[in-house]
Each structure stands twice: as structure tokens, then as C-alpha cells.
Visitor: 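Mind having a look at this structure? Questions to follow.
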There are 2 protein chains.
Amino acid sequence: MTNDRRITIRDVAEASGHAVSTVSNALADKRHVNEETRKHIQEIAKTLGYRPSTIARALRMQTSSTIGVLVADVANPASPEFIRGIDDVAQREGCNILLCNTDGDERRQIGQMQALLDRRVDGMILLSQHTESPEIRKLLDATGSFVLVQRRSHRFRDDYVGSDNMQGTRDSMNYLDSLGHRRIGFVTGPQQSSTAMERLEAYEQLVSELGLDADPELVFQGDYTIDSGIRAMHYFAGLSDRPTAIIASNDVNAIGLQDAAVELGLRIPEDFSLLGCDDIEIASLRRIDLTTLRLPKREMGAGAAELLIRRIRTKKTGTPREVIFPTHLTIRGSCAAPRR
Amino acid sequence: MTNDRRITIRDVAEASGHAVSTVSNALADKRHVNEETRKHIQEIAKTLGYRPSTIARALRMQTSSTIGVLVADVANPASPEFIRGIDDVAQREGCNILLCNTDGDERRQIGQMQALLDRRVDGMILLSQHTESPEIRKLLDATGSFVLVQRRSHRFRDDYVGSDNMQGTRDSMNYLDSLGHRRIGFVTGPQQSSTAMERLEAYEQLVSELGLDADPELVFQGDYTIDSGIRAMHYFAGLSDRPTAIIASNDVNAIGLQDAAVELGLRIPEDFSLLGCDDIEIASLRRIDLTTLRLPKREMGAGAAELLIRRIRTKKTGTPREVIFPTHLTIRGSCAAPRR
DNA sequence: CGGGCGTCAAGAAACGTTTTCTAAAAAACG
DNA sequence: CGTTTTTTAGAAAACGTTTCTTGACGCCCG
């Protein structure tokens, strides 16, 4: 509107009668610069409302104090919690985050990563992203510092933050077993998802350990969407020998199962016990009332950010670290003893 | 890991035996540069895997091709839909978006806006943000181009994208009136929210037009959270002369009302008809089954982005534009004729 | 045949910082 | 009092681009 040009360090220099370099040093509180002139310069800078250009600084310092965050699905209620955790520590460490939504689409993810690299982010956090293909791998290499969350590579060893899928699945299975279920359906996530695979493996192991029905029919290949839950419920309901309990791939998926159950005139937990994963906010609603495996999402986000920042600061020294968070079975009303 | 230094335009210049400026022109497909050398340079650039630094470019061009998006609450299921709309057109126009979560907190918003300015974004889109205080106003001025969404200033005239609150409220009220409700409760959003105030005004006008009970007791001062919905339901249930229907501030709020109703042993729609606003995904779940006013969120996001980009391109010429989207009453099972 | 013009390419300046290097003044030291 | 060291401040280079200016060359036209 009024005066368009941003005021630069140069303006401060002229106004204070000092050199640009002196101003820079004075404002950064570095070097040997006389206390008096420092005060003076800081005064001037303040009254002028000077704000250094992040861009110019990034160009000069070759570091942007920015970290890229790639999330598979912002619309999933679990995502904002992770992001919040990341943001908390990023803020604290003086970093900004650049948030990208990939929709779980690899092409899109590549585009986003490329854009982040062009923007010279200091590092990336990848929530449930693709990690294997050579193209992705090349981009990760170029990134230097990155942390994977909830999906790790089986071929490469990276910094990783995840949940204890063995323990979580064990808790879930033990609980259903203790209620008397012998036939437990399982909706598994995408095959590229290491978390999904680990849980599936744990499920199979527990089925064997507990001597439950081991039937490939009981595993439904799904993903993390409501739609997939709806399909899964139609599938399980159509089986001649139905399971009495179902473990969903996550809460959103469980809600789909639940919804389809209502549609089919089936009741939860009477006809099916239902067990989710994540513990999103609405899982606790009385109309939903979902027993679920709670993930400490905010803590995991914070953990990922801390891991990343350490990695950035120590400049890729040291072997990859993995941080695994415990889960907590949160019991609500969607599970009961089988009637059959 | 291997070779850390990024390859620059200079590397391309040397490799191709041309000057930096020529390379720049060749890659930008601009100016007069021989078709042959252009091909040659583009070839070299490709094999070298050259990618221009967004940062350097931004510094030189004084424009970052980045737009800041401030959202009050990423966790609200409606937010990602707006964002998606914004992202769609931003992507198409070659812009990246910088997403910030403000929690509806003014201090936080100021900090985020400051950071965006330091980053020299070309413009901002503010979803339900503070717009009035002098401090915010100064930052908006400095931003140059910005678009408000769902919350406008009553003192300033800005580019704005919103929904037709009069028409929407009219549709809702007419619908409840046609079902036979004479006493309609209303949860209003925060007083700083222009949308909330417009709806409240519309509500009052409609109450008068339709000759319904006009009782200040029927208006509950809430906000857009589940918690506020819970409090509202306790409030309405505690009235000696209860309403027979309640209009929530939005869907998330309605879900809170619904949940508290279950807690209090009240049934919806038998004891209370309930009407939301937004039409978030879970509103259509059979367990929720919420009649609600649908907002075209994705379209609104896209509209905001288009408005902003036009504003940026035409460099703040022209009077402020307002784009108002119509709403659509989506009838599900949470409303019925009153029993009393 | 000389001047103007069009085409192409190179050179140099600029964007706003930080940092390195240099210079001057002040202080310390013998 | 001269020399060295320390403190302070300024000049200049650099980060990686784009764009403005300059220059060389060939061609057309009077």
C-alpha cells in the first residue's frame, strides 16, 4: 500500500552510520563488537522494524532452518497429532516446517520431495511414505538427513520412529483371546507399509502361539481408509465361517467396518468385536466407542523431530537410530465375549 | 554421503562451455538463444541433474512462488478439505504452500505470519484467523496480497471467500420450522468470527420472521470444538423450557452435542433434533448420521487460491473482491418432528 | 562501402545476507 | 617511546540465480 520496499540490513547500516558487516555482527550478538554500538544498532534496527530475510540468509549460510514434512494423508485424524509433535520441537529449535500432502501417491511424493530439495530444506520427516524405489532413494540420499515414521525400509537402515507393533498386536490378541475369541479377522494395511507387515507377522505368530484358528480367509488385504473398512466388513460378513472379532488396520478403517456393520444389520460388539489402532479423538465418542490400541502420536512426532535435528546438527555422523514407542490398549465398548 | 555439493548453474555453464547467463536463458526458454545451443545446454543440464535453487531465484526475483496458509485448527476434519482445494490450484500455478497451524491463538498467529513474511511469501490465505488487531493488520499490510476465508473483518474491506450464511441459516431454520419446531437452540461460534456472527444474526432474523420462540436462553455462546458441544448439551438439557431442536456451530460441535446427549440418556432426534454445519466425512456415518449444512470446502479453498493468485499477479490493483459460496442442506437422520 | 539493425552470446550487476580479511586505533609490554 | 597485541569496525567476497548491458558478427539497404 504505502511504502513497498522491505527494509534491509543496509538501511539499518545507513541509519546507524555503521557498516553492514558491523550491523550483522551486532544483531547476531557475535564477535567482538563494542557494547555501546551494539545497543545503538539494535535500537535502530528495532525502531526501523528490520527483519532479516530468511531467503538471503539461507542462500549465504547454505542452510534454511526449515524441515520438510511429508504426510500421506492430512485428512486422517491421526496426522495432525504427529504434526503437532513435530511442530512443537521444531518451533523450540527455531525451525519452520514445510508441510506436504502426498496422498500416498509415489509420483506425487517424488514431486514434493523434489520441491523440498529445491528449497534446500535441512532435512525431512516422512510419515508413512514410500521408501524403497531407486528414485525415492536417490532423493533421500540428496536430502542427507531424514527420519522415517511408521514405515521403514527393509533394505536400508535409516533413522526411524515407530511403534512397538509386536507388543501392541500381542496386547490386542491377548485381550481378544481372554474374552474367548478363537477366530479373529485381521485387516492388514498396504504391503509397502512396514508397520502393516510387522503387525500381520505378529498376528500370525500370536494365532499360532495362542492356538487360534489359523485360516488365510481371516486376513483381508486392505488399507487405511474408511472405504477399505466397509469392504472388509462386507467380506467378513459374507464368509461361511465368520470371525467373531476383527482387528482393523487403524481407527479410520475400524469406523468403516463399524459403519458397514450397521448397514448390514450386524451389531458391535454382539456380532463382531472390533478393535482399532491409533486412538483418534472420535474413537472415544459414545456413538463410536471403539476399543483401540493407542499410539503416542504427539510424542512420536516430537521424537522424530528430535532425531532429525540431532542428525542435522551432527551432520550425518553415526549409525542410524531407531526409536520404538510402546502402545497402550484402550478398552472401550467395541469388544465383548463372542456369543457363538 | 558421496559428493555433497549441489550442482549449480555454474557447473552447467562450464560443462557446456557457455556463460552462466546463456544457460539461464536457455533453460528458461526465454530470449534469443540459438535453438542448437539451447538443446545442447538443456541436454547437459539434464544429464548433470541440475535443479535451480529456489532460494537463489527467490532472492534475485524478489518473489518466492510460495503462499502461506494459516489454519486455525488442522485437526478439524474440515481443514484438510480447504487445504486440498488450495493446494490444487497452487500446484497448477506452480506455487508451493507453506502451512501453519495457529490454534486460533493470536500470539501464535502473529509469530507464524512474521515467519512467513521473513520467508517472503507472495501472499497468504487465512482460514478463520484473527483479522482486526492493529498488530495483525500491520502484518497483513506488509503481506500485500492476502485472502480471508470464513472470517472477515468488519472494519476493513479485504478479499474474502465465505459461505452464504444467510441462505444457509434460512434453509436450516425453514427445514426445522417445517418439521414443526418452535423452539430452536443455537450454538454460536466465537464472537470474533464473522461467520458465527452472521449466522447468529440470520438465526435471530429467522426466529422473528417465522414467529418462533425468541428467547435469549436459546443461544449458547460456544466455539467450534467437541468440548463446547458437550457443554452446550448440558446447558440445553438443563433448561426448564428446553428447545426441541439445536443448531450447532459446526459438525465437530454437533458431534459433541450428540455425545453429551448419549451421556445424558437423551436421544437424537427423538428428544432433540440436531443440525450441524460443514458436512465433514464422518457426519455421514450411520452411527453419527448428522443432518448438516454442507459447505463446498474444496471449492472454497480453490476459490481462495485463485483470488489470491490473481491479486498477486495484478499487484494489489483493484477493489477487494468477495466470493460467497452457496451451501446445501444435507438431510440425514438427526432431525425429526418434535414429540412435545 | 559504411551505417544501422538483428541475432546471439558473454559480462557484470544485483538481490540481502554472513563471514573472512584487512586496517586502524587502542592497549599492553618491554 | 617503539613494538607487539588486542579490540573494534569497515571493505569485500561469496552464496546461486536473473536480468541488464555490452559486444561481436553478419546482413540489408541506401
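In what follows, chains are A, B, ... by sequence order, proteins preceding strands, each numbered from 1.
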Visitor: Could I get a table of every N or O pair under 3.5 Å where one atom is in the protein and the other is in nucleotides 13-16 of chain C?
Guide:
| from | atom 1 | to | atom 2 | distance (Å) |
| --- | --- | --- | --- | --- |
| dA14(C) | N3 | R60(B) | NH1 | 3.2 |
| dC15(C) | O3' | Q62(B) | NE2 | 3.4 |
| dC15(C) | O2 | R60(B) | N | 3.3 |
| dG16(C) | OP1 | Q62(B) | NE2 | 3.2 |
| dG16(C) | N2 | A56(A) | O | 3.4 |

Visitor: Stepwise, does the side chain to side chain contact (heavy atoms under 4.5 Å, CB included) test hold for L126(A) with T131(A)?
Guide: CA-CA 9 Å; L126(A) 292 84; T131(A) 62; 5.5 Å; no
Visitor: Expected output is a numbered-order residue list: members of residues 12-20 of chain B with a heavy atom under 4.0 Å from any atom of DNA chain C. What is it?
Guide: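 Hits under 4.0 Å, by residue number: G17(B), H18(B), A19(B).
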Visitor: Quick one: salt bridge (charged side-chain N to carboxylate O under 4.0 Å, His left out) pairs with a partner in residues 57-72 of chain A, sequence neighbours left out?
Guide: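 Salt bridge (charged side-chain N to carboxylate O under 4.0 Å, His left out) check on residues 57-72 of chain A returns no pairs.
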Visitor: Taking only the side-chain nitrogens and oxygens of S24(B), find out if one of them lies under 4.0 Å from OP1 or OP2 of dT17(D).
Guide: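 No, no such contact exists.
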Visitor: Check nucleotides 23-26 of chain C against the protein and report each pair of N or O atoms closer than 3.5 Å, with its distance, or say if there are none.
Guide:
none

Visitor: Can you confirm whether more than 12 heavy atoms, excluding those of R157(A), are under 6.0 Å from its CZ atom?
Guide: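 12 or below, so no.
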Visitor: Let me check the geometry of the helix from dC1(C)-dG30(D) to dG30(C)-dC1(D). What is the bend angle between the axes at its two ends, five pairs each, to 10°?
Guide: 60°
Visitor: Applying side-chain contact (heavy atoms from CB on, under 4.5 Å), can you list everything that pairs with R51(A), at least two apart in sequence or on another chain?
Guide: Q114(B), D118(B)
Visitor: Test side chain to side chain contact (heavy atoms under 4.5 Å, CB included) on L127(A) and I125(A); report intermediate values, then the result.
Guide: CA-CA 6 Å; L127(A) 280 89; I125(A) 295 178; 3.9 Å; yes
Visitor: Could you tell me whether E43(A) atom CD has more than 12 heavy atoms of other residues or ligands within 6.0 Å of it?
Guide: no
Visitor: Got a second to check how far I97(A)'s CD1 is from I83(A)'s CD1, nearest 0.5 Å?
Guide: 6.5 Å
Visitor: Locate the shortest heavy-atom distance separating H18(A) from V23(A); write the atom from each residue and the value.
Guide: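 H18(A) and V23(A) have their closest heavy atoms at CB-CG2, 4.5 Å.
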Visitor: Taking Y160(A)'s backbone N and O only, do any of them form a donor-acceptor pair with D158(A)'s side chain (distance below 3.5 Å, no angle check)?
Guide: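 No; judged by distance alone, with no hydrogens or angles, the pair does not exist.
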Visitor: Do S128(A) and Y224(A) get their side chains close enough for a donor-acceptor pair, meaning under 3.5 Å?
Guide: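 Side-chain D/A pair, S128(A) to Y224(A): absent.
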Visitor: Whole angstrom is fine here: how far is it from CG in L27(A) over to C1' in dT19(C)?
Guide: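 Atom CG in L27(A) sits about 15 Å away from atom C1' in dT19(C).
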Visitor: Kindly compute the distance separating CD (Q129(A)) from CD (Q112(A)), expressed to the nearest 0.5 Å.
Guide: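 That separation rounds to 9.0 Å.
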Visitor: Examine dA9(D): is either OP1 or OP2 under 4.0 Å from a nitrogen or oxygen in the side chain of T37(A)? Give yes or no.
Guide: yes
Visitor: For the side-chain hydrogen bond (donor to acceptor under 3.5 Å, both in side chains) test, which of Q109(A), E106(A), K138(A) pairs with S133(A)?
Guide: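 Single pass found, and it is E106(A).
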Visitor: Does S21(A) contact dA9(D) through a side-chain donor or acceptor facing the base, at a distance under 3.5 Å?
Guide: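 Answer no: no donor N or O sits under 3.5 Å from an acceptor.
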Visitor: Please determine whether the number of non-hydrogen atoms from other residues, nucleotides or ligands lying under 6.0 Å from atom CZ of R321(A) exceeds 12.
Guide: no
